[in-house]
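Working notes, beginning with the structure itself.
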Number of protein chains: 2
Amino acid sequence: MARSASVKDVAAHAGVSLGTVSNVLNRPDRVSPDTRERVQRAMAELGFVRNESARQLRAGTSRTLAYVMLDASNPFFTDVAAGIDVAAEAADLSLMLFNSRNSSDREHSHLALLEQQRVQGVLVTPVDPDSPALDELAQRGTPVVIVDRTRSDQSFCSVAVDDVLGGRLAIEHLIDRGHERVAFVGGPATLGQVRDRRQGARAAWKAAGLPREDLVEISTTALDVAQGREAGQRLAGMAAQRRPTAAFCANDLVALGLLQQAIGAGQQVPADLAIVGYDDIEFAAAAAVPLTSVRQPRQELGRTAAELVLDEAANPAHGHRQVLFTPELVARASTLG
Amino acid sequence: MARSASVKDVAAHAGVSLGTVSNVLNRPDRVSPDTRERVQRAMAELGFVRNESARQLRAGTSRTLAYVMLDASNPFFTDVAAGIDVAAEAADLSLMLFNSRNSSDREHSHLALLEQQRVQGVLVTPVDPDSPALDELAQRGTPVVIVDRTRSDQSFCSVAVDDVLGGRLAIEHLIDRGHERVAFVGGPATLGQVRDRRQGARAAWKAAGLPREDLVEISTTALDVAQGREAGQRLAGMAAQRRPTAAFCANDLVALGLLQQAIGAGQQVPADLAIVGYDDIEFAAAAAVPLTSVRQPRQELGRTAAELVLDEAANPAHGHRQVLFTPELVARASTLG
DNA sequence: TCACAAGATTGAAACCTTTCAACAAATCGT
DNA sequence: ACGATTTGTTGAAAGGTTTCAATCTTGTGA
């Protein structure tokens, strides 16, 4: 392509100075109506497109926000992203999404690029929330908010949902429904989410005075559908009197896999096996046996995260806040049948 | 934050000229090992971060590719995005994702920003593939590839899947299974996909010599789960001898909604109603009655699109190509029971 | 008619990096 | 020991925009 026209070309073509062209672009009211029109016509004729690099270099500020997501194929994160998008749009910023696909390397290379681009702020659901790369990024001045994860210390803004409470809600619901032998399905335990949900589950179990060994743990290597199916087979393989009558899964993907396996093996849900998922993604309600699940306020999570990062970017007196949302149990047929 | 250090600061701190710092950054081999090390130490001490705007302004080239997706919450598109990502990574570019959420306005504002950013190339699944905004963008020199849509003319590179064939495969499968009254569920007809799939369905129906009125059309206002449920209710409301024994849905989300409604109403799938979806998203196989679906090579779609846009960016002799992939029917329990 | 204010336009400087011709120093061959 | 290479380093120019003090025009009030 021919090198595209610059303000200078437009100025020459319209017979005005280059400062005036810039004024038309940035303070149209400072310029008389007829010159303004002349300049705009010149822009149209030359196909002028503002060079954002130059603009940003001079102005020092970019008009974008970025969200580095852990796994774009998990609907939970796309819903969070939609919430961020709403807030970004309200602030007249564009949201760029990056997918680290569970890889630290990809995550770090995206973060490095974003820092070089001087984006207004970075939202990130990190592979490892305690990675020092995040500290360095923040320390050098990029506003960073951690999404759906928390840190041991309070050195960042973060938004997350109370997973311990969520685990408790799930188990209390199953206990209410009369179950006395329940499986917790999820893993790996290196994920904070998994640990917290399990911890809440155990606390509720203990509080109900039920014997510890009747909360059976089935560990998976990832939180996806395939692992849910696999866990279902292990469950099915257990001796009948030891087999749990209900399962609480660490997320909906696992729960859907488990549901599929159970129905495929001819079991009735919830009569033979009740199932509770986590996240309440759209496909949970749309499953053939609609799934009871712990709902997280995904959109609000994203919206709040965006507001925090914008505050950090704009407000010099910004103080870090850790926002914790409250989850909610949505009971459906997979436990109510 | 304190304004971050520039090459000039690094040069001063390391006691070298500014050109040398740039060499360390871009041609490390041209610089002697000890000065290189000195400069690198200075960078680390000052927390130097290269300013990408300035780099890009001078170098004229960005290191990013962008995909403007129609609906990030549809797993089909995130899978396509993953395919693009793989190819982008291989070319050492970063992929930025934007979500237009089915809005032309959002799509256009994203495209405008990307043009200003002078990205290497833009991949887009547009709300309206015939929008003149795309022509203008391409005409001004930004490489553009249309993904999962096609244009009447050949003025763009595009990658898509043969939807007419896909529709034919679905209906032929149902005819093979002995169905003689089938519903086509989908809409709105303004979507090229819907039109093509329906056209293929009709062609196959006609080729089998079946009466036209026995391919019943149930039109939806969108291709999502809620509309699928709604369509299910309309189906259920039909008089028994007029009611189709099978449904071909224009995508999997609709099929899942239909499946849910049917099972909720106590019907047996496929005995009372066989269902074929389209896209073969992961949740199709994971549904409680695994869904027969028409699979599209999603990742390959993305990968090919990325390769086309990179060729257009790099190769002056580039000619536009319209790549059409072949879909494939994956038969599962929802038609095989 | 003159002084002044208000409004419109100008042009140079600054933002930070990369590139490249030119220069300096070290190394080599003879 | 001397010119020719090679290796390493320099500094100015360029890239496109925005900003801002300065200048020019026009209109107003006395």
Side-chain angles (χ1 to χ4, degrees), chain A residues 1-40 42-43 46-64 112-113 115-119 140-141, chain B residues 1-40 42-43 46-64 112-113 115-119 140-141:
Chain A
M1 61 163 157
R3 195 193 98 279
S4 71
S6 72
V7 273
K8 201 197 288 188
D9 302 322
V10 173
H13 195 263
V16 298
S17 88
L18 145 180
T20 299
V21 176
S22 177
N23 280 335
V24 171
L25 247 26
N26 303 299
R27 298 178 216 69
D29 44 308
R30 293 272 168 87
V31 99
S32 75
D34 62 334
T35 32
R36 191 189 326 159
E37 209 218 321
R38 195 148 36 95
V39 171
Q40 277 161 346
M43 290 197 209
L46 297 177
F48 170 77
V49 175
R50 193 212 233 108
N51 184 323
E52 174 67 17
S53 302
R55 203 216 108 252
Q56 191 175 321
L57 173 59
R58 173 63 227 211
T61 159
S62 94
R63 300 305 299 165
T64 56
L113 176 70
E115 185 177 15
Q116 294 179 13
Q117 288 190 171
R118 307 288 196 271
V119 292
R140 284 192 293 259
Chain B
M1 61 162 156
R3 194 191 100 279
S4 70
S6 74
V7 273
K8 201 198 287 188
D9 302 322
V10 173
H13 194 264
V16 298
S17 88
L18 148 178
T20 299
V21 177
S22 178
N23 281 335
V24 171
L25 249 24
N26 302 300
R27 298 179 215 70
D29 44 308
R30 294 271 169 88
V31 90
S32 74
D34 60 334
T35 31
R36 191 192 322 157
E37 209 218 323
R38 197 147 36 96
V39 170
Q40 277 161 347
M43 291 196 208
L46 298 177
F48 171 77
V49 175
R50 193 213 232 108
N51 183 323
E52 175 67 18
S53 302
R55 204 217 107 252
Q56 190 174 321
L57 172 58
R58 173 63 227 216
T61 159
S62 92
R63 300 304 300 165
T64 57
L113 176 69
E115 186 177 15
Q116 294 179 12
Q117 289 190 167
R118 308 289 197 271
V119 291
R140 284 192 294 258

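Note on naming: letters A, B, ... go to the chains in the order of the sequence lines (proteins, then strands), and numbering restarts at 1 for each one. Quick note: numbers below take in every heavy atom, side chains included, and nothing from hydrogens, waters or symmetry partners.
Shown here for A:Asp34 and A:Ser32, the closest heavy-atom pair between the two residues is OD1-OG, 2.9 Å. Considering every non-hydrogen atom in both A:Val16 and A:Val39, the closest pair reads CG2-CG2, 4.0 Å. Considering all non-hydrogen atoms of both residues, A:Val119 and A:Ser62 come closest at CA-OG, 3.4 Å.
Where the helix from C:dT1-D:dA30 to C:dT30-D:dA1 starts and where it ends, the local axes point in directions that differ by 40°; five pairs per end, rounded to 10°.
For D:dT19, the OP1/OP2 oxygens have a side-chain nitrogen or oxygen of A:Arg27 closer than 4.0 Å.
Between A:His13 and A:Val21 the shortest side-chain heavy-atom distance does not fall below 4.5 Å. The shortest side-chain heavy-atom distance between B:Arg118 and A:Val49 falls under the 4.5 Å cut-off. Two residues are said to be in side-chain contact when any heavy atoms from C-beta on lie closer than 4.5 Å; B:Arg38 and B:Thr35 meet this criterion. At a threshold of 4.5 Å between non-hydrogen side-chain atoms, the residues B:Arg50 and B:Leu25 count as touching.
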Shorter than 3.5 Å, N or O on both sides, protein versus nucleotides 21-24 of chain D: list them out with atom names.
none

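Atom CG of B:Asp9 is separated from atom P of C:dC15 by 11 Å (rounded to the nearest Å). The CD-P distance, from B:Gln117 to D:dG15, rounds to 22 Å in whole Å. The distance between atom CG of A:Leu25 and atom C1' of D:dT18, rounded to the nearest whole Å, is 10 Å. Look at CE on A:Met43: it is 14 Å from C1' on D:dG16, rounded to the nearest Å. To the nearest angstrom, C1' of C:dC20 lies 13 Å from CG of B:Asn26.
The structure places CZ of B:Phe48 at 12.0 Å from CD of B:Gln40, a figure rounded to the nearest 0.5 Å. Atom OG of residue A:Ser4 and atom CD of residue B:Glu115 lie 8.0 Å apart, to the nearest 0.5 angstrom. Between the CD atom of A:Glu52 and the CG atom of B:Leu57 there is a distance of 11.5 Å, given to the nearest 0.5 Å.
Partners of A:Ala59 by side-chain contact (heavy atoms from CB on, under 4.5 Å), not counting sequence neighbours, listed by chain and number: A:Arg55, A:Thr61. B:Ser17 pairs by the side-chain contact (heavy atoms from CB on, under 4.5 Å) definition with B:Thr20, not counting sequence neighbours.
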Sugar-phosphate or base contact per nucleotide [nucleotides 8-14 of chain C; S, B, -; heavy atom under 4.0 Å]: SBBBBBB
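Across residues 47-57 of chain B, B:Phe48, B:Arg50, B:Asn51, B:Ala54, B:Arg55 each have a non-hydrogen atom less than 4.0 Å from an atom of DNA chain C (numbered order).
Panel note: side chain B:Gln56, backbone B:Gln117; a donor-acceptor pair is recorded below 3.5 Å.
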